[in-house]
Enquirer: 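First the structure, then my questions, so here it is.
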There are 2 protein chains.
Amino acid sequence: MAVIVAGLKAIEYRFLIKDIGTEIYIGLIALVFTGLGLWVGQQILNRKEQSGSSKKGRDEVIQSLDISEREMDVLVLMADGLSNQEIADKLFISIHTVKTHSSNLFSKLHAKRRTQAIQKAKEIGLIEA
Amino acid sequence: MAVIVAGLKAIEYRFLIKDIGTEIYIGLIALVFTGLGLWVGQQILNRKEQSGSSKKGRDEVIQSLDISEREMDVLVLMADGLSNQEIADKLFISIHTVKTHSSNLFSKLHAKRRTQAIQKAKEIGLIEA
DNA sequence: GCTCAAATGGTACTTTAGTATGAACGATTT
DNA sequence: AAATCGTTCATACTAAAGTACCATTTGAGC
């Protein structure tokens, strides 16, 4: 509402430009506030989507669980349905390294399997659903 | 835009109620169109969310891929991160049966692994993301 | 009664996943 | 300089997942 009031004050300068038609003026107001509504809607939805990750919480969760960059790389590809060998090829590392990272990941996520790790990671907002 | 024009026409009746202040009038327009923006935003988002599942599309996808009830049961538990043995226990069947269902599932979903099956199933709206 | 598909269970096998442990290297911190 | 940490790779093993084929049962439909 504060934004709306501020907008009204600013727009009141229309009296300085009396040569534009009233309808055009109203149209401009309508457009501006339609845009405002769209923007507000987006903001509300962003908060809803981030309810599990709390805004910039992705980084916070990563830090709190002490997850490294490489482990995140593996996790993302894992969630895409790739096998350890395919992940290794994409990251230009050996399958052994992938296993090391994934094994460490399971410990940090308290998961027994990769499917469980993926599910938990999505729950806490570590990766996109 | 058609909606906006129609709105303008309707609101022009302000000339019949000259006793309300200009600021109040502007405020009303602002509120109405902010609401319009919110509504439009919601509509756009609903279409996005239903892009993969298309309303009642879940059943349609299941039928088109010829997926049975039991296979769906297995798929859902699979996506929750359960092992074949845990799925077997929950459905009161043997692990052999779970393997049969999951193997058939992979064929129908063109997946090589369970993680890939889960990812694809979510993409096409078979299961909730 | 017969047929067909889904569901169930099994054996046997190959492949992938996962664990445990150790080691080497570079960058950073103390 | 020494210690720490992340990344890398490896071996050796166990466990789980997945495939292929086959068999039985059951319920719905003809």
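Only this structure's heavy atoms are used, side chains among them; waters, hydrogens and symmetry mates stay out. This structure is a prediction, so every number in the text was calculated from the model and none was measured. Order of the sequence lines sets the chain letters (A, B, ...), proteins ahead of strands, with each chain counted from 1.
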Enquirer: Please pick, from C/dA7, C/dT8, D/dG6, the nucleotide with the shortest atom-to-atom distance to any side-chain atom of B/T100.
Expert: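 Comparing C/dA7, C/dT8, D/dG6 against the side chain of B/T100, the answer is C/dT8.
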
Enquirer: Once you apply a heavy-atom cut-off of 4.0 Å, does A/E69 come out as touching a base, just sugar-phosphate, or nothing?
Expert: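 Answer is sugar-phosphate: A/E69 comes under 4.0 Å of backbone atoms only.
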
Enquirer: Using atom CD of A/E71 as one end and atom P of D/dT8 as the other, report the distance to the nearest whole Å.
Expert: 11 Å

Enquirer: May I ask you to decide whether A/E128 forms a salt bridge with A/K122, counting only side-chain N to carboxylate O separations under 4.0 Å?
Expert: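 Between A/K122 and A/E128 there is no salt bridge, as every charged N stays at least 4.0 Å from the carboxylate O atoms.
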
Enquirer: Compare every heavy atom of B/L82 with every heavy atom of B/R114, then report the nearest pair and how far apart it is.
Expert: NH1-O, 3.1 Å

Enquirer: Measure CG/A/L75 against C1'/D/dG6 and give the value in whole Å, please.
Expert: 17 Å

Enquirer: In whole angstroms, how far is the P atom of C/dA20 from the CZ atom of A/F106?
Expert: 13 Å

Enquirer: A/N104 has an atom CG; how far is it from atom P of C/dA20, in whole Å?
Expert: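 Atom CG in A/N104 sits about 11 Å away from atom P in C/dA20.
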
Enquirer: What pair of heavy atoms forms the shortest contact from A/K120 to A/L109, and how long is it?
Expert: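 Shortest heavy-atom contact: CD-O, 3.3 Å.
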
Enquirer: Could you state the atom-to-atom distance from CD1 of B/I87 to C1' of C/dT8 in whole Å?
Expert: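 That distance rounds to 16 Å.
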
Enquirer: Between P on C/dA20 and NZ on A/K112, what's the gap in Å once rounded to a whole number?
Expert: 13 Å

Enquirer: How close or far is atom P of D/dC21 from atom NE2 of B/H96, stated in whole angstroms?
Expert: 18 Å

Enquirer: Check A/S68 against A/K108 and note the closest heavy-atom contact, atom names and distance.
Expert: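 Looking at all heavy atoms of both residues, the closest pair is N-NZ, 4.4 Å.
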
Enquirer: Would you indicate which nucleotide in C/dG10, D/dG18, D/dT7 comes nearest to any side-chain atom of B/R113?
Expert: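 Closest nucleotide among those given: D/dG18.
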
Enquirer: Quick one: which of C/dA7, D/dT7, C/dG10 gets closest to the side chain of B/H101?
Expert: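 The answer is C/dA7, which lies nearest to the side chain.
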
Enquirer: Nearest to the side chain of A/T97, heavy atoms from C-beta on, is which of D/dC9, C/dG10, C/dG18?
Expert: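 Looking only at side-chain atoms, A/T97 lies closest to D/dC9.
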
Enquirer: Check the distance between D/dT19's P and B/I95's CD1 and give it to me in whole angstrom.
Expert: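 After rounding, the gap between these two atoms is 14 Å.
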
Enquirer: When all nucleic acid strands are considered with a 4.0 Å heavy-atom cut-off, which category describes B/S83: base, sugar-phosphate, or nothing?
Expert: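 It contacts sugar-phosphate atoms only.
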
Enquirer: Is B/S102 touching bases, backbone alone, or none of the nucleic acid, heavy atoms closer than 4.0 Å?
Expert: nothing

Enquirer: Between B/K99 and B/L91, just flag the one whose closest nucleotide in DNA chain C comes earlier from the 5' side.
Expert: B/L91

Enquirer: Let's see if you can work this out: which of C/dA17, D/dT7, C/dT8 has an atom nearest to the side-chain heavy atoms of A/R114?
Expert: C/dA17

Enquirer: Between A/D59 and A/Q63, does any side-chain donor sit less than 3.5 Å from a side-chain acceptor?
Expert: no

Enquirer: Given C/dG18, D/dA10, D/dG18, identify the nucleotide with an atom nearest to the side chain of A/N84.
Expert: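 Given the options C/dG18, D/dA10, D/dG18, the side chain of A/N84 is closest to C/dG18.
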
